[in-house]
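Have a look at the structure below before the remarks.
Numbered from 1 within each chain, the chains take letters A, B, ... in sequence-line order.
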Protein chains: 2
Amino acid sequence: MLRLMKSSLPDRVKGVCSPPAMPMALAKVDQSVEVLKALADPTRLQMIGILKRSAEPVCICDFTAAFDLSQPTISHHMAKLREAGLVDVSKAGIWAYYRLASRLEPKTRALLDVLV
Amino acid sequence: MLRLMKSSLPDRVKGVCSPPAMPMALAKVDQSVEVLKALADPTRLQMIGILKRSAEPVCICDFTAAFDLSQPTISHHMAKLREAGLVDVSKAGIWAYYRLASRLEPKTRALLDVLV
DNA sequence: TGGAGAGATCGACGGCTATCGATGGAATGC
DNA sequence: GCATTCCATCGATAGCCGTCGATCTCTCCA
């Protein structure tokens with residue numbers, strides 16, 4: 001053990017310093033990545049911010065009006081948020097109202113609390 | 001104003017329910033999106049998890065050994081984390097040791113605390 | 001000084017994604 | 001019934017991204 005002074009570098013065998021450890025479960029990682037991918041877009045992150053701050057469900061037409069983007073693009077982004085389980089939709093007549101999902105995982109909820 | 005009972009839908013003019021609000025500053029959104037993009041990948045998220053749990057800096061060769069990916073790909077992922085300001089690198093001889101950035105924004109730190 | 005190993009960079013390729021215009025389906029109102 | 005409006009979906013396109021092999025740079029050591 002008295003290997004001091006030889007060098008400040010750790011002992012190592014070819015190509016590996018220490019046995020690698022994979023601390024996170026694969027399924028957890030994929031689940032987190034799905035949510036992160038959904039949030040890693042300026043439009044969608046702002047959508048989530050608006051929904052989180054709104055007490056009432058928001059008509060998707062308001063997003064179409066707010067975000068200088070075409071209606072299909074807005075619909076596409078909201079679908080991404082839907083597929084990630086971040087928002088719920090309710091139809092009322094010809095209108096679609098979106099709100100933050102009521103059944104969010106605690107971890108996801110905490111994520112949104114930090115972000116927006 | 002006594003428009004009650006006519007319908008449960010809100011009043012609206014053509015195409016817009018309520019004046020749209022943009023609650024988040026544009027710069028903040030872009031900054032968050034950059035970090036989210038860096039984390040929205042299974043390999044990189046696991047890298048961050050390993051670094052966050054490690055008291056010592058980790059040699060990048062360990063990641064190359066751990067993640068069934070080529071050496072250039074591992075280097076590419078670590079560069080992404082570097083560019084996002086999430087990790088610091090220190091060279092020691094021919095080896096490169098990575099660790100979680102010491103000067104993380106509180107918001108980013110909180111994000112990592114939730115994620116990993 | 002020259003060989004060997006570690007890691008970053010380059011160039012290329014395939015797949016994913018953001019965006020749009022066009023279309024379709026459903027509900028409303030005339 | 002029919003036109004209108006809202007919204008989702010489709011098809012196409014351009015740009016970004018993850019991945020790899022090849023190469024380059026740097027350091028160490030014999």
>> Checking contacts here: which listed nucleotide (dT5(D), dG7(C), dA8(D)) is nearest the side-chain heavy atoms of Cys61(B)?
In response: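 The answer is dG7(C).
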Whole-Å distance between [N] [atom2] and [X] [atom1]?
X	N	atom1	atom2	answer
Leu39(B)	dG18(D)	CG	P	12 Å
Met78(A)	dC6(D)	CE	P	16 Å
Ile60(B)	dA8(C)	CD1	C1'	9 Å
Asp68(A)	dC20(C)	CG	C1'	13 Å
Phe67(B)	dG18(D)	CZ	P	14 Å
Trp95(B)	dT27(D)	CH2	P	14 Å
Ile94(B)	dA6(C)	CD1	P	6 Å
Leu81(B)	dG18(D)	CG	P	11 Å

>> Ignoring hydrogens, what is the shortest heavy-atom contact between Leu115(B) and Met24(A)? Give both atom names and the distance.
In response: O-CE, 3.9 Å
> Does Tyr98(B) put a side-chain nitrogen or oxygen below 4.0 Å from OP1 or OP2 of dA8(C)?
Replying inline: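 For dA8(C), OP1 or OP2 has a side-chain N or O of Tyr98(B) closer than 4.0 Å.
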> Can you tell me if the side-chain N/O atoms of Tyr97(B) get under 4.0 Å from OP1 or OP2 in dG7(C)?
Replying inline: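 The answer is no; no side-chain N or O of Tyr97(B) sits under 4.0 Å from OP1 or OP2.
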> Salt bridge between Lys80(B) and Asp41(B), side-chain N to carboxylate O under 4.0 Å?
Replying inline: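 Salt bridge absent between Lys80(B) and Asp41(B).
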> Any donor-acceptor pair under 3.5 Å between the side chain of Gln71(A) and the base of dA8(D)?
Replying inline: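 Such a pair exists between side chain and base.
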> Does Ser32(B) reach the main-chain N or O of Lys28(B) with its side chain, forming a donor-acceptor pair under 3.5 Å?
Replying inline: yes
> Taking Arg109(A) for the side chain and Leu104(A) for the main chain, is one N or O donor matched with an acceptor at less than 3.5 Å?
Replying inline: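 Checking the backbone N and O of Leu104(A) against the side chain of Arg109(A), no donor-acceptor pair under 3.5 Å is found.
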>> Walk me through whether Arg82(B) and Tyr98(B) qualify under side chain to side chain contact (heavy atoms under 4.5 Å, CB included).
In response: CA-CA 9 Å; Arg82(B) 236 189 303 125; Tyr98(B) 281 85; 3.3 Å; yes
> Among Val58(A), Thr64(A), Ile60(A), whose side chain to side chain contact (heavy atoms under 4.5 Å, CB included) with Asp62(A) holds?
Replying inline: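 When side chain to side chain contact (heavy atoms under 4.5 Å, CB included) is applied between Asp62(A) and each of Val58(A), Thr64(A), Ile60(A), only Val58(A) qualifies.
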> Just by protein heavy atoms under 4.0 Å, how would nucleotides 14-19 of chain C read 5' to 3' in B, S and -?
Replying inline: ----SB
> With sugar-phosphate meaning primed atoms plus P, OP1 and OP2, does Ile74(B) contact a base, only sugar-phosphate, or nothing at under 4.0 Å between heavy atoms?
Replying inline: nothing
> Is the NZ atom of Lys91(B) crowded by more than 12 outside heavy atoms at less than 6.0 Å?
Replying inline: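 Result for NZ/Lys91(B): open.
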